[in-house]
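Input: a single structure, listed below in structure tokens.
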Amino acid sequence: MRKTAREPVGSAELRAGETRVVIAPSLGGRIISLEMAGREWLWQNPAVSARQPDDDAPYTVATDGGGYDECFPTVGACTIPTWIPRYGGVELPEHGELWSRSTEFTLETQPRGADGGALRARCIWEGERMPYRFERTVCVEPSGAAVMSYAVLNTGAERLPFLWAAQPLMPLTPATRLLLPEGMRVRVFAQQGIELFGPNAEHIWPRLRTAAGVVDLSHPDAVGQRYACTLFFDMKVGQAAVEEGSARLTVTFDVHDVPNMGLWINKRGWGPFRRRSSAHLALAPCIGAPDTLSDALGAWNAVHWLEPGETRRWTLRWSGEHVVPLD
């Protein structure tokens, strides 16, 4: 196990070929390094030191050091509407519950086969404000692909509404290029420093209308000097990618299991650390939209439900490759 100055004691490393995944169980199961195709893909906030999460502190102020978090049963802080049986009035924190919960962490070797007996790292969280058991298992295949398998069980007696999003924060540079299927509907959730005609406005990817004209968000660094926005896609194809020069990171999934994609772009346009931090973005496969469970239950009508005793399963496959830059 290799350690660096930014890796807390207790981190676990999985690797094969050029791929290296480092998980910190003490940081709510956060993935703190994702190396593929010769580069580190995860952004680290230079203004924040990694430390044990505190559920009572705002996520963005106390612990947002970057990396890759799992957000469940909401992404944004919200209060569940009172008309929801059993859970009406429950207040959910920013980024959901998992980032601040201790995990049951295990490392195990898979039976020999296609994966060659690779190590698997499993994190299990138990819900606090709502009754559920959330599990993520990470395995790095001999090919170098990082496969993340998920399962969530409703352990309560009532239907459980939820959102889930993987949120890997990545650097935003002049070379960043976003590869999503052209022609998809894009819906605005939040904006700052850019006029996209407000929440709920709809656009067609990748050329979005602004008050100043049309911009191509597939090259987000070129759009403006300082701005931020959160967008959501209804995915028709289960694939999206980020390119940085000659390296590409691709995520694939089944759209029947993971029907949405969130895109968070922050070119120093938002946040308590905007004067000290680098620009970054998140390409976030998700189940449901937008960021808050209350909005998903309301106007967006994009919430998902777990029946009592039901288990939902899905998988993400992250892979890196070397490419020839197009421009």
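For the atom pair CG of Leu263 and CG of Leu180, the computed distance is 7.0 Å after rounding to the nearest 0.5 Å. Within the model, atoms CD of Gln192 and SG of Cys229 stand 11.0 Å from one another, a figure rounded to the nearest 0.5 Å. For the atom pair CZ (Arg207) and CG (Asp216), the distance works out to 5.0 Å, reported to the nearest 0.5 Å. Separation of atoms CG (Leu293) and CE (Met130) is listed at 6.5 Å; rounding is to 0.5 Å. Considering CD of Gln239 and CZ of Arg317, their distance stands at 10.5 Å, rounded to 0.5 Å.
Through ILVMFWY side-chain contacts below 4.5 Å, Val214 is grouped with nothing and stands alone. Taking Ile, Leu, Val, Met, Phe, Trp and Tyr as hydrophobic and joining them when side-chain heavy atoms fall under 4.5 Å apart, one finds Phe232 in a cluster with Phe189, Trp300.
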Kindly determine whether Val152 and Leu160 satisfy side-chain contact (heavy atoms from CB on, under 4.5 Å), including the steps that lead there.
-> CA-CA 11 Å; Val152 58; Leu160 187 149; over 6 Å; no
Before giving the answer on side-chain contact (heavy atoms from CB on, under 4.5 Å), spell out for Asn154 and Phe162 the whole-Å C-alpha distance, their side-chain angles and the decisive distance to 0.1 Å.
-> CA-CA 10 Å; Asn154 179 357; Phe162 76 92; over 6 Å; no
Starting from the C-alpha separation in whole Å, work towards a yes-or-no answer on side-chain contact (heavy atoms from CB on, under 4.5 Å) for Val186 and Ile204.
-> CA-CA 6 Å; Val186 184; Ile204 301 298; over 6 Å; no
When you look at Glu40 and Arg20, which way does the salt bridge (charged side-chain N to carboxylate O under 4.0 Å, His left out) test go after all the steps?
-> CA-CA 9 Å; Glu40 171 63 65; Arg20 175 174 175 264; 5.0 Å; no
Stepwise ring pair (Phe, Tyr, Trp, His ring centres under 6.0 Å) check, Phe233 with Trp205 | CA-CA 9 Å; Phe233 302 80; Trp205 181 263; 5.3 Å; yes
Passes side-chain contact (heavy atoms from CB on, under 4.5 Å), Asp254 versus Trp314? Steps please.
-> CA-CA 8 Å; Asp254 187 329; Trp314 64 96; over 6 Å; no
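Remark: the backbone N or O of Ala77 is paired with a side-chain donor or acceptor of Glu94 at under 3.5 angstrom. Between the side chain of Gln167 and the backbone N or O of Asp69, no donor-acceptor pair lies under 3.5 Å. His203 places a side-chain N or O within 3.5 Å of a backbone atom of Leu196 that can act as its donor or acceptor partner. With Trp125 contributing its side chain and Leu98 its backbone, the two residues share a donor-acceptor pair below 3.5 Å. A donor-acceptor contact shorter than 3.5 Å is absent between the side chain of Lys236 and the backbone of Met184. The main-chain N or O of Arg129 is never found under 3.5 Å from a side-chain atom of Glu91 such that the two would form a donor-acceptor pair. In this structure, the side chain of Trp41 engages the main chain of Met36 through a donor-acceptor pair within 3.5 Å. Within the 3.5 Å criterion, the main-chain N or O of Gln225 finds no donor-acceptor partner in the side chain of Arg268. Put simply, the side chain of Ser11 never gets that close to the backbone of Val22: no donor and acceptor are under 3.5 Å apart. Counting only distance, with no hydrogens or angles, the side chain of Glu97 and the backbone of Glu128 share a donor-acceptor pair below 3.5 Å.
Contact annotation: the side chain of Thr252 never approaches that of Trp318 to less than 4.5 Å [non-hydrogen atoms, C-beta and beyond]. Side-chain contact between Leu217 and Pro206 is absent, with no heavy atoms from C-beta onward closer than 4.5 Å. Looking only at side-chain heavy atoms (C-beta outward), Pro161 and Ile84 come within less than 4.5 Å of each other. Residues Arg30 and Ile23 fail the side-chain proximity criterion, which asks for heavy atoms closer than 4.5 Å. The shortest side-chain heavy-atom distance between Ile32 and Leu42 does not fall under the 4.5 Å cut-off. Annotation: side chain of Asn260 is not in contact with side chain of Val255 (no heavy-atom distance under 4.5 Å). The shortest side-chain heavy-atom distance between Ile194 and Val223 falls under the 4.5 Å cut-off. Side-chain contact between Pro199 and Arg187 is absent, with no heavy-atom pair separated by less than 4.5 Å.
Scanning for salt bridge (charged side-chain N to carboxylate O under 4.0 Å, His left out) contacts around Glu126 gives Arg133, with sequence neighbours left out. Partners of Arg209 according to the salt bridge (charged side-chain N to carboxylate O under 4.0 Å, His left out) rule, which considers only residues two or more places apart in sequence or in another chain, do not exist here. For Tyr132, the ring-ring contact (aromatic ring centres under 6.0 Å, His included) partners at least two apart in sequence or on another chain are Phe72. Annotation: side chain to side chain donor-acceptor pair (under 3.5 Å) contacts of Thr176 (sequence neighbours excluded): Thr173, Glu244. Shown here are the ring-ring contact (aromatic ring centres under 6.0 Å, His included) partners of Phe253, two or more places apart in sequence or in another chain: there are none. In terms of the side chain to side chain donor-acceptor pair (under 3.5 Å) criterion, Glu310 has no residue partners (sequence neighbours excluded). Qualifying side chain to side chain donor-acceptor pair (under 3.5 Å) partners for Glu104, counting only residues two or more places apart in sequence or in other chains: none. Asp257 is linked by a side chain to side chain donor-acceptor pair (under 3.5 Å) to nothing, counting only residues two or more places apart in sequence or in another chain.
Ala284 and Met261 get closest at one heavy-atom pair: C-SD, 3.4 Å. Nearest heavy atoms, Gly320 versus Ala37: C-CB, 3.9 Å.
For the residue pair Arg122 / Thr137, a side-chain donor-acceptor distance below 3.5 Å is found, with atom types taken as modelled. If you check the side chains of Trp43 and Tyr68, you find no donor sitting under 3.5 Å from an acceptor. For the residue pair His322 / Glu18, a side-chain donor-acceptor distance below 3.5 Å is found, with atom types taken as modelled. Inspection of the Glu70 and Tyr150 side chains reveals an N or O donor paired with an N or O acceptor under 3.5 Å.
Linking Ile, Leu, Val, Met, Phe, Trp and Tyr residues whenever their side-chain heavy atoms come within less than 4.5 Å leaves Ile31 and Val75 in two separate clusters. Leu153 and Phe105 are assigned to two separate hydrophobic clusters, defined by single-linkage of ILVMFWY side chains at heavy-atom distances under 4.5 Å. Leu179 and Val242 fall into different hydrophobic clusters, where Ile, Leu, Val, Met, Phe, Trp and Tyr residues are linked whenever their side-chain heavy atoms come under 4.5 Å apart, directly or through other members. Linking Ile, Leu, Val, Met, Phe, Trp and Tyr residues whenever their side-chain heavy atoms come within less than 4.5 Å leaves Leu119 and Ile124 in two separate clusters.
Among pairs with a residue in residues 284-305, none fulfils salt bridge (Lys or Arg N to Asp or Glu O under 4.0 Å), at least two apart in sequence or across chains. Residues in residues 155-167 take part in these salt bridge (Lys or Arg N to Asp or Glu O under 4.0 Å) pairs, two or more places apart or across chains: Arg159-Glu307.
A salt bridge is absent between Glu35 and Arg15; no separation between the charged side-chain nitrogens and carboxylate oxygens falls under 4.0 Å.
Under the side-chain contact (heavy atoms from CB on, under 4.5 Å) test applied with Leu281, the options Asp221, Leu169, Leu178 reduce to a single match, Leu178.
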